[in-house]
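On a predicted model such as this, the values are computed, not experimentally measured, just so you know.
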Amino acid sequence: MIEFFFDCSSPWTYLAFHNIQPLAKELGAEIIWRPILVGGIFNTVNPSVYAQRETPVPLKARYMKKDLADWSRSAGLAIKMPPTVFPVNSVKAMRGCIWLGKDMVPFATTVFETYWGGDKDISQDAVLAEICRKVGVDEQKFFAGISEQAIKDQLKANTEEVVARGGFGSPTIFVGKTDMYFGNDRLPLIREALERSKASAA
């Protein structure tokens, strides 16, 4: 089993979200999708992210831009960094993922594509309504659903849970309950962990 804690406002999460699905399918691993708010994590345990944005190291920033472009090309994804609105308030989109439950993957995929590929502001109701129409979700039910207190509480609970389990950003991925990995570039290690788990269960 893979638990995938994610926020659509991260380009590295978009890559991992895209890349982990064929990996899980190949190895017969179930993915449990766990929407979070990465800003809540940064505020709680990782405020250095904000400092890095305010005063970036020029050489590191230039390399990170190249690194993201390399990974994007490898995955076949269009990612504009930074998008016009960055950082973006993803709370409604992530509540939408919670509300959709097991049907969240097409919606989340389109949120990623719309924000990172289409450079549209996913905090805006009009953009979210357009995404709903694309994936066949009733937009009136969607907006009513994401305003429910239980949905808001679950998103907060997921965010608090990943911090309690040692997470400090998005994506945070667990193989089993305790084997934690952070970031798209850890997928080769996740593959090895899944293969070990599969071998020990045989």
Side-chain angles (χ1 to χ4, degrees), residues 1-38 40-42 45-46 64 66-79 81 90 93-117 122 131 134-137 151 154-155 157-202:
M1 183 188 73
I2 300 167
E3 284 180 280
F4 190 94
F5 289 85
F6 73 102
D7 186 326
C8 292
S9 67
S10 157
W12 301 104
T13 304
Y14 183 15
L15 286 162
F17 180 91
H18 173 82
N19 289 331
I20 203 168
Q21 292 183 67
L23 172 61
K25 186 176 181 181
E26 176 192 340
L27 296 176
E30 179 187 8
I31 302 176
I32 308 299
W33 302 105
R34 306 292 303 278
I36 57 170
L37 281 180
V38 76
I41 295 177
F42 295 160
V45 294
N46 194 7
M64 286 180 71
K66 175 198 179 296
D67 194 33
L68 182 61
D70 288 343
W71 278 107
S72 303
R73 182 171 54 251
S74 176
L77 297 177
I79 297 180
M81 184 65 189
S90 61
M94 301 319 296
R95 285 177 184 165
C97 290
I98 295 276
W99 178 71
L100 285 162
K102 291 183 178 179
D103 299 322
M104 76 174 75
V105 171
F107 175 80
T109 300
T110 309
V111 170
F112 278 122
E113 290 171 349
T114 300
Y115 182 51
W116 292 107
I122 57 169
I131 292 169
K134 279 185 180 177
V135 297
V137 172
I151 299 299
Q154 186 61 58
L155 184 59
N158 285 359
T159 305
E160 291 173 348
E161 179 185 335
V162 74
V163 170
R165 291 169 65 182
F168 51 86
S170 173
T172 298
I173 304 159
F174 288 89
V175 177
K177 281 290 181 183
T178 58
D179 193 11
M180 188 181 91
Y181 299 87
F182 172 70
N184 170 69
D185 55 352
R186 299 308 193 272
L187 290 183
L189 299 179
I190 292 170
R191 170 184 285 279
E192 290 180 7
L194 290 169
E195 288 173 342
R196 284 194 306 271
S197 177
K198 198 172 181 180
S200 66

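Put simply, the side chain of Asn158 gets close to the backbone of Pro35: a donor and an acceptor are under 3.5 Å apart. His18 contributes a side-chain N or O that, together with a main-chain N or O of Ala75, makes up a donor-acceptor pair within less than 3.5 Å. Here the side chain of Thr110 pairs a donor or acceptor atom with the backbone of Pro106 at under 3.5 angstrom.
Taking the side chain as every heavy atom from C-beta outward, Val105 and Gln21 approach each other to under 4.5 Å. Under the 4.5 Å side-chain criterion, counting only non-hydrogen atoms from C-beta, Thr13 is not in contact with Cys8. Contact check for Asp7 versus Met94: side-chain heavy atoms found under the 4.5 Å cut-off. Residues Arg95 and Gln154 have side chains not in contact (no heavy-atom distance under 4.5 Å, counting atoms from C-beta outward). Contact annotation: the side chain of Glu161 approaches that of Phe5 to within less than 4.5 Å [non-hydrogen atoms, C-beta and beyond]. Between Val38 and Ser9, the closest side-chain pair of non-hydrogen atoms falls below 4.5 Å. Looking only at side-chain heavy atoms (C-beta outward), Trp12 and Ile79 stay at 4.5 Å or farther from each other. Here the side chains of Met1 and Ile32 are in contact, with some heavy-atom distance below 4.5 Å.
Checking Phe6, Tyr181, Phe4, Phe182 one by one against Thr172, the side-chain contact (heavy atoms from CB on, under 4.5 Å) holds for a single residue, Phe182.
To the nearest 0.5 angstrom, Cys97 atom SG is 11.5 Å from Ile36 atom CD1. In this structure, CG on Leu37 lies 5.5 Å from OG on Ser90, to the nearest 0.5 angstrom.
For the pair Leu155 and Thr159, the tightest heavy-atom approach, listed with the atom from each and the gap, is O-OG1, 2.9 Å. Residues Met81 and Pro11 approach most closely at SD-CG, 4.3 Å, considering heavy atoms. Scanning both residues, Trp71 and Asn184, for their nearest heavy atoms gives CE3-ND2, 3.1 Å. Of all heavy-atom pairs spanning Leu194 and Ala29, the tightest one is CD2-CB, 3.9 Å. The minimum heavy-atom distance between Lys198 and Leu27, with the atom names listed, is NZ-O, 3.6 Å. Shown here for Trp116 and Ser10, the closest heavy-atom pair between the two residues is CZ2-C, 3.6 Å.
Salt-bridge formation is detected for the pair Glu3/Arg165: a Lys NZ or Arg NE/NH1/NH2 atom is positioned less than 4.0 Å from an Asp or Glu carboxylate oxygen.
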- request: Given ring-ring contact (aromatic ring centres under 6.0 Å, His included), test Trp33 with Phe17 step by step and report yes or no.
  value: CA-CA 10 Å; Trp33 302 105; Phe17 180 91; 4.8 Å; yes
field: Asp179 vs Phe174, side chain to side chain contact (heavy atoms under 4.5 Å, CB included): CA-CA, chis, key distance, verdict
entry: CA-CA 5 Å; Asp179 193 11; Phe174 288 89; 6.0 Å; no
